[in-house]
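First comes the structure, then the notes that go with it.
Any value given below was found using the heavy atoms of this structure, including those in side chains, with hydrogens, waters and symmetry copies removed. Nothing here was measured: the structure is a model prediction, and the numbers come from that model.
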Amino acid sequence: MKAATISQLKKELVKLDHEDLLDVCVRLAKFKVESKELLTYLLMKADDEIGYAEELCDEIDRQLNVPGKIHKKTLRKVVRWMDKSLRFSGEKETELQVRIHFCRRIKDKRISFGGCRVSENMYATQRKKIDKAIDKVHPDLQFDYNHQLSGL
């Protein structure tokens with residue numbers, strides 16, 4: 001089965017009454033965990049973007065707060081989760097806050113990459129994403145975020 005375009009889906013959703021629309025949303029959430037997570041964000045967290053960013057930062061702290069050495073597999077898992085969670089939001093300020101927090105935690109914990117090119121590239125990629133997102137925010141905020149980056 002070929003998927004319909006977004007505009008076609010939107011036209012069909014507009015035609016549905018309230019009960020049918022509710023059924024479609026619930027069925028959609030049942031099939032994939034990511035759909036359920038997106039629906040959770042949209043219904044419960046989207047109105048408090050600051051709280052959502054803090055929640056993501058707390059989860060990063062929890063995942064990186066393991067005793068011993070942090071391996072590239074752990075970093076990859078955190079980055080994948082972070083990217084998925086930030087895609088739900090779409091706000092550049094939230095993205096900047098969370099990515100800067102992630103890079104700061106790596107520096108604070110003195111995670112050494114030990115010549116591991118994969119881990120070095122992950123960190124460099126996060127820095128590139130931060131720089132790209134800074135260009136898209138208001139100039140006043142750019143100064144603040146660049147100041148936060150100075151320690152990294």
Side-chain angles (χ1 to χ4, degrees), residues 3-10 13 21-22 24-152:
T5 64
I6 296 295
S7 62
Q8 290 171 330
L9 292 173
K10 189 174 180 181
L13 288 172
L21 187 61
L22 183 64
V24 167
C25 288
V26 169
R27 284 192 63 197
L28 182 66
K30 283 182 182 178
F31 280 102
K32 199 167 185 187
V33 173
E34 192 168 320
S35 297
K36 190 184 298 185
E37 291 170 344
L38 175 60
L39 202 54
T40 301
Y41 168 77
L42 292 172
L43 295 175
M44 299 176 192
K45 309 218 185 262
D47 56 341
D48 182 20
E49 199 66 34
I50 295 169
Y52 182 66
E54 289 172 359
E55 186 178 311
L56 294 179
C57 291
D58 291 343
E59 182 63 23
I60 289 171
D61 288 342
R62 190 187 68 70
Q63 290 184 16
L64 292 179
N65 196 18
V66 294
K69 187 176 178 182
I70 294 179
H71 299 282
K72 65 183 176 187
K73 188 175 181 180
T74 304
L75 287 177
R76 213 181 279 140
K77 178 182 171 187
V78 172
V79 168
R80 235 185 351 256
W81 171 84
M82 184 174 60
D83 287 343
K84 180 181 70 168
S85 299
L86 289 173
R87 215 171 354 134
F88 294 156
S89 171
E91 296 286 330
K92 290 299 173 190
E93 291 85 4
T94 303
E95 178 181 357
L96 284 166
Q97 183 179 348
V98 173
R99 290 193 195 282
I100 289 172
H101 180 80
F102 174 75
C103 291
R104 181 161 284 121
R105 283 302 149 249
I106 288 177
K107 286 294 185 184
D108 289 348
K109 289 186 67 70
R110 292 187 172 97
I111 297 173
S112 65
F113 301 126
C116 178
R117 188 172 301 282
V118 173
S119 298
E120 290 173 2
N121 288 342
M122 271 191 274
Y123 184 78
T125 302
Q126 294 307 309
R127 290 296 308 264
K128 287 178 189 174
K129 287 181 179 182
I130 289 170
D131 292 337
K132 198 180 289 186
I134 285 177
D135 293 338
K136 296 180 182 177
V137 296
H138 192 272
D140 292 339
L141 293 173
Q142 287 179 2
F143 177 77
D144 295 337
Y145 287 121
N146 281 322
H147 181 67
Q148 288 181 20
L149 277 179
S150 63
L152 299 176

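- Interatomic distance, CD1 of Ile100 versus CZ of Arg127, reported as 8.5 Å (0.5 Å rounding).
- Side-chain atoms of Glu49 and Glu93, non-hydrogen and from C-beta on, never get closer than 4.5 Å to each other.
- Two residues are said to be in side-chain contact when any heavy atoms from C-beta on lie closer than 4.5 Å; Ile130 and Ile134 meet this criterion.
- Put simply, the side chain of Val79 does not reach to within 4.5 Å of the side chain of Thr125, judged on heavy atoms.
- Using a 4.5 Å heavy-atom threshold, the side chains of Leu141 and Lys92 count as separate.
- The closest side-chain donor-acceptor pair between Gln63 and Glu59 falls under 3.5 angstrom.
- No more than 12 heavy atoms of other residues, nucleotides or ligands shown are found within 6.0 angstrom of NZ on Lys132.
- Note on ring orientation: taking the six-membered ring where Trp is involved, the planes of Tyr52 and Tyr41 are tilted (angle from 30° to 60°).
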Problem set entry | Intermediate values then yes/no, side chain to side chain contact (heavy atoms under 4.5 Å, CB included), Gln97 and Ile50 | CA-CA 9 Å; Gln97 183 179 348; Ile50 295 169; 5.5 Å; no
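- Within the 4.5 Å cutoff, the side chain of Val33 has heavy atoms near those of the Glu37 side chain.
- Counting heavy atoms from C-beta on, the side chains of Leu56 and Trp81 come closer than 4.5 Å.
- Taking 4.5 Å as the limit, every side-chain heavy atom of Glu91 sits out of range of all side-chain heavy atoms of Leu96.
- In summary, Arg87 and Glu34 engage in a salt bridge, as defined by a charged side-chain N under 4.0 Å from a carboxylate O.
- The pair Arg105-Asp108 counts as a salt bridge, with a side-chain nitrogen and a carboxylate oxygen less than 4.0 angstrom apart.
- The distance from atom CG of Asn121 to atom CG of Leu75, rounded to the nearest 0.5 Å, is 12.0 Å.
- Pairing each heavy atom of Ala29 with each of Ser35, the nearest pair is CA-CB, 4.3 Å.
- The distance from the NZ atom of Lys45 to the CG atom of Leu38 is 13.0 Å, given to the nearest 0.5 Å.
- Taken to the nearest 0.5 Å, the CG atom of Leu64 stands 8.0 Å off from the OG1 atom of Thr74.
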For this session: Would you sort out whether Arg99 and Leu86 count as a side chain to side chain contact (heavy atoms under 4.5 Å, CB included), showing the intermediate values?
Result: CA-CA 9 Å; Arg99 290 193 195 282; Leu86 289 173; 3.8 Å; yes
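- Here SG of Cys103 is found 9.5 Å from CD1 of Ile60. Values are rounded to the nearest 0.5 Å.
- Around atom CG of Leu43, more than 12 heavy atoms belonging to other residues, nucleotides or ligands sit under 6.0 Å away.
- Gln142 places a side-chain N or O within 3.5 Å of a backbone atom of Val137 that can act as its donor or acceptor partner.
- Under a 3.5 Å cut-off, the side chain of Ser150 and the backbone N or O of His147 do form a donor-acceptor pair.
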For this session: Could you check Leu39 against Leu28 for side chain to side chain contact (heavy atoms under 4.5 Å, CB included), going step by step and ending with a plain yes or no?
Result: CA-CA 9 Å; Leu39 202 54; Leu28 182 66; over 6 Å; no
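- The minimum heavy-atom distance linking Met122 with Lys72 is given by the pair CE-O, 3.6 Å.
- When all heavy atoms are compared, the tightest approach of Met82 to Phe102 is SD-CB, 3.8 Å.
- Between Tyr123 and Lys107, the closest heavy-atom pair is OH-CE, 3.3 Å.
- A donor-acceptor pair under 3.5 Å is absent between the side-chain atoms of Asn65 and the main chain of Asp61, judged by distance alone.
- The nearest pair of heavy atoms linking Val98 to Ala53 is CG2-O, 3.9 Å.
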